[in-house]
Number of protein chains: 2
Amino acid sequence: MISTEELLNNHGVKPTPQRVVIADFVLSTHEHPTAEDVLKGVAGQLPVTISRATVYNTLNTLVAAGVIREVFTEPGACRYDANVSKHHHFVDTRTGRIFDIPWDEVPQLPRSLKGRFKVHGYEITFFGEAT
Amino acid sequence: MISTEELLNNHGVKPTPQRVVIADFVLSTHEHPTAEDVLKGVAGQLPVTISRATVYNTLNTLVAAGVIREVFTEPGACRYDANVSKHHHFVDTRTGRIFDIPWDEVPQLPRSLKGRFKVHGYEITFFGEAT
DNA sequence: TTCCATAGTTAGACTAAGTCTAAGTTATGG
DNA sequence: CCATAACTTAGACTTAGTCTAACTATGGAA
Ligand SMILES: [Mn+2]
Ligand SMILES: [Mn+2]
Ligand SMILES: [Zn+2]
Ligand SMILES: [Zn+2]
């Protein structure tokens, strides 16, 4: 298991204590936390308080560096995802929980639509009930 | 062409002047406007000022009644869509414009995933360049 | 007609997600 | 040791959206 410090270094992000704690939190859950979840989750993990600005700055930095990704399944807040490989999402409409769906569970979609739309990528959100 | 008053009546929504003006605005554009767009767009259409609260209330009422639908393609604000039939969306990544993609332009996706996820519905957002 | 109840609208206060700012702290290279 | 740059902090600010309390329109009873 590669350390979070190494991971951040490999992505060109200087591994400050705050960044390591924040990255650790997002990377070690499958819950697709919001920024607010992260803020609460990392509180008390360091002798200093981790400010709201640092949480948002760090999440944006980690997304830009490709360490994590954002996912928008519902309005209100964006969520963060440790899984940066191509995949889709399933939202359990009862609990609100979000599950990863591997890319190849789903048929490939066309790379061009109606002649005039050149597709660079797509995201599928499934809604339903998980068992 | 059925009148907006009739349309609202058919959906069980009392067609007040404010609601008619707001519904007309959303129904007569393909631009997928935000609530703020609607607020600006209907300003001055009536002798009274249409308040922010009425715009948001009316949009929510129209969505609940099935007259229009919401679409979330990016974080920040939700958009409103005159097209309530099943379809997908294409986001032009240069301009930000959103285009409707007919349901049957895209292959059907599975109704069950990995055994444990029963799919009730799905939404696909394509990203790319329109010509 | 008048009265009342209900539904709808309004301005503005309030909340929640996120950004920005200005000052303080922490590395780093010379 | 110092200068500079990078980072972090608290809190102000912005934006999207909801809530509140007062006001207005409507549609029957009486
Ligand atoms: Mn974001
Ligand atoms: Mn909404
Ligand atoms: Zn994911
Ligand atoms: Zn649409």
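By convention in this document, chain letters (A, B, ...) are assigned in the order of the sequence lines, proteins followed by strands, and residues within each chain are numbered from 1.
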Euclidean distance, atom CD of residue A/Glu36 to atom P of C/dA17 [Å, nearest integer] = 5 Å
Rounded to whole Å, the CG-P distance (B/Leu39 to C/dT10) equals 11 Å
In whole angstroms, the gap separating C1' of C/dA17 from CZ of B/Phe72 amounts to 16 Å
Looking at the side chain of A/Cys78, which of C/dA11, C/dG18, D/dA16 is the nearest nucleotide?
-> C/dG18
Value in whole Å for how far the C1' atom of C/dT9 lies from CG of B/Leu59 = 15 Å
Nucleotide nearest B/Ile50 when distance is taken to its side chain, options C/dT9, D/dT9, C/dT10 | C/dT10
Nearest-Å distance for atom pair CD/P, residues B/Glu74 and D/dA16 = 11 Å
What do you reckon, are the aromatic ring centroids of B/His87 and B/His89 less than 6.0 Å apart?
-> yes
In whole angstrom, what separates B/Leu46's CG from D/dT24's C1'?
-> 15 Å
Is there a side-chain polar atom (N or O) of A/Gln18 under 4.0 Å from OP1 or OP2 of D/dT9?
-> yes
Side chain to side chain donor-acceptor pair (under 3.5 Å) involving B/Thr125 - partner list, sequence neighbours excluded = none
To the side chain of A/Lys14, which of C/dT28, C/dA7, C/dA17 is closest?
-> C/dT28
Nearest-Å distance, CG (A/Leu62) to P (D/dC7)?
-> 12 Å
Select one nucleotide: of C/dG18, D/dG17, C/dT19, the one nearest the side-chain heavy atoms of A/Asn60.
-> C/dT19
Residue A/Arg19, side-chain heavy atoms: nucleotide from D/dC7, D/dG17, C/dT10 that is nearest = D/dC7
With a 4.0 Å cut-off, would you call B/Arg97 and B/Glu31 a salt bridge?
-> yes
Quick one: which of D/dG17, C/dA11, C/dA17 gets closest to the side chain of B/Thr49?
-> C/dA11
When B/Ala53 and A/Thr16 are each assigned the nearest nucleotide of DNA chain D, the 5'-most assignment goes to A/Thr16
Whole-Å distance separating the CG atom of A/Asn57 from the P atom of D/dG11 | 17 Å
Are A/Phe117 and B/Phe99 close enough that their ring centres sit under 6.0 Å apart?
-> yes
Nearest to the side chain of B/Ser51 - C/dT10, D/dA10, C/dG18?
-> C/dT10
Nearest 0.5 Å, what's the OG1-CZ distance between A/Thr58 and A/Phe25?
-> 14.0 Å
Does A/Tyr56 place a side-chain N or O at less than 4.0 Å from the phosphate oxygens OP1/OP2 of C/dG18?
-> yes
What's the closest nucleotide to the A/Thr54 side chain, out of D/dT9, C/dT19, C/dT9?
-> D/dT9
